[in-house]
Amino acid sequence: MAVVLHGVFLAMGLILPLGVQNVFIFQQGAYQRRFLYALPAVIMASICDTLLISLAVGGVSVVVLASPVIKTILISIGCLFLLYMGWATWTSKPGKEKDGQAFPFKRQIIFAASVSLLNPHAILDTIGVIGTSSLQYGGGERWVFASSCISVSWIWFLGLAAAGRMFGRIDASGRLMIVINKISACIIWAVAILLIKNLIT
């Protein structure tokens with residue numbers, strides 16, 4: 001249960017800040033005539049996250065498990081990155097978004113893939129944080145952790161598109177985005193503290 005909660009809270013802290021990927025999903029939910037029309041973007045973004053998380057947990061862990069020194073270094077870097085990300089998220093002030101549009105099926109797929117796979121933050125999140133966080137678990141527990149992170153991505157993107165559909169428009173004042181970022185920063189810092197505690201003990 002602790003493994004699942006760790007994966008869920010870590011993934012939530014990393015995915016909550018409304019960057020390019022999240023804004024795109026929200027916009028498609030808002031601008032498409034029906035919720036179903038936004039599903040191509042939702043599914044593609046979720047598949048990309050699944051791929052990145054699986055590679056991070058499967059690849060990075062295999063490389064570093066043989067060396068306690070490398071493992072300690074990578075986990076330390078992950079902690080520092082989390083602390084920095086928490087600060088950047090806390091101090092960010094989202095501005096008004098430009099008017100969006102309802103993308104057709106093919107364009108949704110291409111754009112969702114590009115903002116997911118070509119986003120350096122997504123790479124750093126998965127390889128630098130989720131991948132290194134998984135190192136404290138062995139065997140099956142590591143993949144339970146990965147599955148928990150992946151589940152958050154799928155549920156989050158579906159919920160984000162649904163929220164876009166419900167509200168119809170992105171918050172013009174940016175106040176809601178600021179509140180979400182503050183909450184996200186607190187979650188990120190909590191996970192960083194947990195990682196530091198595990199590293200010390």
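In what follows, every heavy atom counts, from backbone to side chain, and hydrogens, waters and symmetry copies are set aside. All residue numbers refer to positions in the sequence shown, counting from 1. Quantities reported herein were computed from a predicted structural model and do not represent experimental measurements.
Leu5 is linked by a side chain to side chain contact (heavy atoms under 4.5 Å, CB included) to Met1, Phe9, counting only residues two or more places apart in sequence or in another chain. Checked against ring-ring contact (aromatic ring centres under 6.0 Å, His included), Phe145 has the following partners two or more places apart in sequence or in another chain: His6, Tyr137. The side chain to side chain donor-acceptor pair (under 3.5 Å) test applied to Trp154 returns Thr50, not counting sequence neighbours. Among residues two or more places apart in sequence or in another chain, the side chain to side chain contact (heavy atoms under 4.5 Å, CB included) test is passed with Val8 by Val4, Met12, Ser148, Val152. Evaluation of the side chain to side chain contact (heavy atoms under 4.5 Å, CB included) rule for Ser147 yields no partner, not counting sequence neighbours.
Taking CZ from Phe103 and CD from Gln32, the interatomic distance works out to 9.5 Å, rounded to the nearest 0.5 Å. With rounding to the nearest 0.5 Å, the separation of CG in Leu39 from CD1 in Ile25 is 10.0 Å.
In terms of heavy-atom proximity, Trp143 sits nearest to Ser54 at CH2-O, 3.7 Å. Heavy-atom minimum distance, Ser46 versus Phe157: OG-CD1, 3.4 Å. Nearest heavy-atom pair, Trp189 versus Trp87, reported as atom, atom and distance to 0.1 Å: CZ2-N, 3.4 Å. Closest non-hydrogen pair, Ser116 versus Leu52, comes out as O-CD1, 3.8 Å. Minimum interatomic distance between Gln28 and Ala41 (heavy atoms only, all atoms of both residues): CG-CB, 4.4 Å. Nearest heavy-atom pair, Asn22 versus Trp156, reported as atom, atom and distance to 0.1 Å: OD1-NE1, 3.1 Å.
When the side chains of ILVMFWY residues are joined at heavy-atom separations under 4.5 Å, either directly or via intervening members, Ile155 and Val144 end up in two distinct hydrophobic clusters. Note on Ile43 and Ile53: same hydrophobic cluster, where clusters join Ile, Leu, Val, Met, Phe, Trp and Tyr whose side-chain heavy atoms are under 4.5 Å apart, directly or indirectly.
Grouping Ile, Leu, Val, Met, Phe, Trp and Tyr residues whose side-chain heavy atoms lie under 4.5 Å apart, directly or via other members, leaves Ile193 alone, with no other cluster members. Side-chain heavy-atom separations under 4.5 angstrom define the hydrophobic clusters, and the remaining members of the one that includes Met44 are Phe105, Ile109.
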